[in-house]
Amino acid sequence: MAARQAIKEAPAWYRVLQQWFYNRSYFNQLGLMRDDVRRESEDVKEAIRRLPKDIYDARNFRLIRALNLSNKKIVLPKEEWTQLQDDVQYLKPYIEEVIKERKERQLWNSK
């Protein structure tokens with residue numbers, strides 16, 4: 001929600017440039033979201049493990065479909081590409097929670 005608000009408040013030239021860069025990326029042509037292609041650190045792995053079942057299943061579907069498309073060396077039709085305004089960072093709250101817990105645990109163990 002905050003990302004959508006920030007996009008609306010950005011200058012017009014910035015939104016155009018952002019949209020251009022997003023459309024030039026390969027992952028959205030496969031139907032993936034930004035959080036689907038995030039590098040998997042320990043915190044990200046734990047956040048993925050905590051995802052609700054429906055979000056986790058949707059993520060796995062997008063990844064399997066993208067691997068299949070990439071293997072065939074094709075992309076989705078343009079109308080099925082992930083759009084910038086539809087790309088929600090669904091993993092971010094879980095990652096923030098995991099990092100907060102890890103820092104609390106480190107603080108607790110250091111005393």
Side-chain angles (χ1 to χ4, degrees):
M1 195 74 174
R4 290 182 184 172
Q5 185 66 22
I7 290 172
K8 289 178 185 175
E9 293 174 2
W13 65 269
Y14 182 77
R15 286 194 308 261
V16 170
L17 188 63
Q18 187 179 29
Q19 184 69 42
W20 183 81
F21 274 116
Y22 190 82
N23 286 335
R24 295 290 299 164
S25 66
Y26 181 61
F27 70 88
N28 73 318
Q29 297 174 17
L30 299 174
L32 294 172
M33 295 181 167
R34 284 177 284 185
D35 280 349
D36 294 337
V37 295
R38 192 182 276 266
R39 179 170 288 141
E40 289 193 11
S41 65
E42 291 301 316
D43 294 335
V44 173
K45 287 179 184 177
E46 178 62 24
I48 292 170
R49 191 186 68 74
R50 294 182 183 190
L51 285 173
K53 184 169 176 30
D54 58 332
I55 297 174
Y56 183 77
D57 289 344
R59 179 181 194 274
N60 282 339
F61 171 77
R62 288 190 303 271
L63 290 170
I64 290 169
R65 179 178 61 177
L67 287 171
N68 189 18
L69 290 168
S70 180
N71 190 33
K72 293 178 181 179
K73 298 187 182 346
I74 59 174
V75 296
L76 291 171
K78 191 159 183 134
E79 56 272 0
E80 293 184 32
W81 290 6
T82 305
Q83 299 300 315
L84 178 61
Q85 57 272 15
D86 298 332
D87 193 347
V88 179
Q89 291 185 340
Y90 63 91
L91 204 52
K92 188 174 182 176
Y94 297 99
I95 293 172
E96 290 172 352
E97 180 182 321
V98 168
I99 291 172
K100 182 180 174 188
E101 288 176 6
R102 181 176 43 81
K103 287 182 179 178
E104 281 182 17
R105 197 175 314 113
Q106 288 174 346
L107 181 64
W108 181 261
N109 289 337
S110 69
K111 290 184 179 182

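Note: hydrogens, waters and symmetry copies are ignored here, and every other heavy atom, side chains too, is used. Along the sequence shown, residues are numbered consecutively beginning with 1.
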Gap between atom [atom2] of [Y] and atom [atom1] of [X] - 0.5 Å precision:
X: Lys53; Y: Ile55; atom1: NZ; atom2: CD1; value: 12.5 Å
X: Arg102; Y: Leu107; atom1: CZ; atom2: CG; value: 12.5 Å
X: Arg34; Y: Leu91; atom1: CZ; atom2: CG; value: 12.0 Å
X: Gln18; Y: Trp13; atom1: CD; atom2: CH2; value: 10.5 Å
X: Arg65; Y: Asn60; atom1: CZ; atom2: CG; value: 12.5 Å

Just so I know, are the side chains of [X] and [Y] near enough to count as touching, which here means a heavy-atom distance under 4.5 Å?
X: Tyr22; Y: Asn28; answer: yes
X: Lys103; Y: Lys100; answer: no
X: Asp36; Y: Arg59; answer: yes
X: Asn68; Y: Lys72; answer: yes
X: Glu46; Y: Glu97; answer: no

Which heavy atom of [X] sits nearest to which heavy atom of [Y], and what is that distance?
X: Glu101; Y: Arg50; result: OE1-NH2, 2.6 Å
X: Tyr90; Y: Asp35; result: N-OD2, 3.0 Å
X: Arg38; Y: Val44; result: CD-CG2, 3.8 Å
X: Leu30; Y: Ala66; result: CB-CB, 3.8 Å

Subject >> Tyr26 OH: over 12 foreign heavy atoms closer than 6.0 Å >> reply: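 Enclosed: over 12 neighbouring heavy atoms sit under 6.0 Å from OH of Tyr26.
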**OP:** Could you check Gln19 against Arg15 for side-chain contact (heavy atoms from CB on, under 4.5 Å), going step by step and ending with a plain yes or no?
**Re:** CA-CA 6 Å; Gln19 184 69 42; Arg15 286 194 308 261; over 6 Å; no
Original post:
Between Asn71 and Leu67, is there a donor-acceptor pair closer than 3.5 Å when you use the side chain of the first and the backbone of the second?
Top reply: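 No, because the side chain of Asn71 does not come within donor-acceptor range (under 3.5 Å) of the backbone of Leu67.
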Just distance, no hydrogens or angles: give the donor-acceptor pairs under 3.5 Å from side chains in residues 77-84, sequence neighbours left out.
residue	atom	partner	partner atom	Å
Trp81	NE1	Leu76	O	2.8
Thr82	OG1	Gly31	O	3.3
Thr82	OG1	Leu32	O	3.1
Gln83	NE2	Trp81	O	3.4

Subject >> Hydrophobic cluster membership, Leu63 vs Ile48, 4.5 Å side-chain cutoff >> reply: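 Leu63 and Ile48: separate clusters.
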